[in-house]
Amino acid sequence: DGMLLATGSQDRTVKIWNVAQRELVTTLAAATGAVWSVAFTPDARFLVTSGRGGTRLWDCAAWQLVRNFPGQTASLSQAGALLAVSEATLFYWWQPPGAVSVWNYLTGEKVRQLPKPGRAIALSPDGKTLAVGDRPNGVDLWDVASGELRRTLATSNSALTLTFSPDGNQLLTVASATHPILHDLR
C-alpha cells in the first residue's frame with residue numbers, strides 16, 4: 001500500500017519504516033546472519049524475509065513470525081500465494097548452488113521441488129514460471145505447475161539477479177562484469 005518500507009541489513013535485522021512519517025515502526029530479528037531479501041506480499045498482509053538462517057513469513061498486523069521456510073533467497077509471485085526459495089545465495093558464490101522449491105506461503109505446503117539446484121531466482125508475476133540462474137552461461141525457465149524445464153536463456157556469465165517485467169513478457173538478467181540483458185519471453 002506504499003505506507004511501509006522494509007529494509008534488510010547485515011546486522012541480522014529487518015527494519016520497518018513508516019514512509020510518510022519517516023519513522024521506524026519496528027525491528028525484526030529476521031536472520032542468523034545478513035538479510036538478503038525482503039518483500040511484502042501483494043495484499044500487504046505479510047512480509048517475507050530471507051537470509052542466513054532461512055526464509056521467514058511475518059504477519060504485518062502484529063509483526064509476529066508466522067512460518068519458516070528453507071532458503072537464503074526468495075521470490076514472491078504477484079498472483080496467488082506462491083513463494084520460491086533457493087537454499088543458496090549468490091553472495092557466497094564459492095559454495096555449491098542450493099535446492100530450489102516453490103511453496104504456498106499461506107498453507108506452508110511445498111508445491112514443487114526442482115530437480116536442479118540454483119542461486120538467483122525469480123517467480124513470474126502470474127506465478128506460472130520460475131527463472132533459476134546458476135548455469136555458467138544460462139538461466140533456466142521452469143513451469144511451476146508441471147515442474148518441466150520450458151527453455152534455457154543464454155547469458156554471458158552466471159546470473160546474479162533475475163527480474164521479470166510486470167507483465168511477465170520479459171526477464172532482465174544481470175551477470176558479473178557484463179551489461180544487463182533483457183530477454184523477450186514471448
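The chain is numbered in sequence order, starting from 1. Model, not experiment: these values are computed from the prediction. Computed over heavy atoms, backbone and side chain alike; hydrogens, waters and symmetry mates excluded.
- In this structure a side-chain-to-backbone donor-acceptor pair under 3.5 Å is missing from Ser50 to Trp36.
- Atom OG1 in Thr26 sits 7.5 Å away from atom CD1 in Ile16 (nearest 0.5 Å).
- Thr161 places no side-chain N or O within 3.5 Å of a backbone atom of Val174 that could act as its donor or acceptor partner.
- Pairs engaging residues 60-69 under the side chain to side chain donor-acceptor pair (under 3.5 Å) rule: Arg56-Asn68 [sequence neighbours left out].
- Counting only residues at least two apart or in different chains, salt bridge (Lys or Arg N to Asp or Glu O under 4.0 Å) contacts with residues 34-48 comprise Asp43-Arg45.
- In terms of hydrophobic clustering, with Ile, Leu, Val, Met, Phe, Trp and Tyr side chains grouped at heavy-atom distances under 4.5 Å, Leu47 and Phe69 are assigned to different clusters.
- To the nearest 0.5 angstrom, Leu5 atom CG is 11.0 Å from Leu24 atom CG.
- The same ILVMFWY cluster, assembled from side-chain heavy atoms under 4.5 Å apart, contains both Leu82 and Trp142.
- Other residues, nucleotides and ligands contribute over 12 non-hydrogen atoms within 6.0 Å of the NZ atom of Lys15.
- Here the side chain of Thr129 pairs no donor or acceptor atom with the backbone of Ser124 at under 3.5 angstrom.
- A continuous path of hydrophobic side-chain contacts links Val102 to Ile121 [ILVMFWY only; heavy atoms under 4.5 Å].
- Side-chain atoms of Glu87 never come within 3.5 Å of backbone atoms of Val100 as a donor-acceptor pair (strictly under, hydrogens ignored).
- For Glu148, the CD atom is loosely surrounded, since the number of other residues' heavy atoms within 6.0 Å does not exceed 12.
- For the side-chain contact (heavy atoms from CB on, under 4.5 Å) with Leu171, the qualifying choice from Leu141, Leu182, Ile181 is Leu141, the only one to do so.
- Checked by atom type and distance alone, the side chain of Thr13 never pairs as donor or acceptor with a backbone atom of Leu28 at under 3.5 Å.
- With hydrogens and angles disregarded, a donor-acceptor distance shorter than 3.5 Å links the side chain of Arg12 to the backbone of Thr32.
- Side-chain atoms of Trp17 and Thr7 form a donor-acceptor pair, as typed in the model, at a separation below 3.5 Å.
- Side-chain contact, Ser101 with Arg112: no donor N or O sits under 3.5 Å from an acceptor N or O.
- Atom CG of Leu83 and atom OG1 of Thr41 lie 10.5 Å apart (nearest 0.5 Å).
- Exactly one residue among Leu185, Asp126, Asn169, Leu172 makes a side-chain contact (heavy atoms from CB on, under 4.5 Å) with Phe164. That residue is Leu185.
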